Amino acid sequence: MHMAKKRTMVYADEEDLAIIKEAAKRYGVSEAEIIRNAIHRAAMSSRIWEEPFFTRTSKRLTPRDETPREAKKAVWDEQYEKYRQMRDER
């Protein structure tokens, strides 16, 4: 389902805008698309879920005694490490 978009204005640091410009060029999309995706991710990360989010979306194998909070932290740590490695390669 495609939802209607509403225009809004935000202020951003020049350094962040330069990173967005670079990412848009690298992925072949508009800067607005990068920003919309970031807003969506921020909104989804703030949402209250009825069930643990990562149980359905993560492909990693989890130990049976791992709590949902531990699983979420492990996934975030894994994603952060991938991001850090990609950033350091530049």
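Because the structure is predicted, anything quoted here is derived from the model rather than measured. Positions are given from 1 along the sequence.
Remark: Ala23 engages Arg26, Tyr27, Ile34 in a side chain to side chain contact (heavy atoms under 4.5 Å, CB included) (not counting sequence neighbours). Asp77 is linked by a side-chain hydrogen bond (donor to acceptor under 3.5 Å, both in side chains) to Lys73, counting only residues two or more places apart in sequence or in another chain. With sequence neighbours left out, Glu81 forms a salt bridge (Lys or Arg N to Asp or Glu O under 4.0 Å) with Arg84. For Lys82, the salt bridge (Lys or Arg N to Asp or Glu O under 4.0 Å) criterion is met by Glu78, not counting sequence neighbours. Taking the side chain to side chain contact (heavy atoms under 4.5 Å, CB included) definition, one finds that Lys6 meets it with nothing, sequence neighbours left out.
The nearest pair of heavy atoms linking Ser45 to Ala42 is OG-O, 2.9 Å.
Contacts classified as side-chain hydrogen bond (donor to acceptor under 3.5 Å, both in side chains) and involving residues 29-43 (residues at least two apart or in different chains) are given here: Lys21-Glu31, Glu33-Arg36.
Note that the CD1 atom of Ile19 and the CG atom of Asp13 stand 9.5 Å from one another [nearest 0.5 Å].
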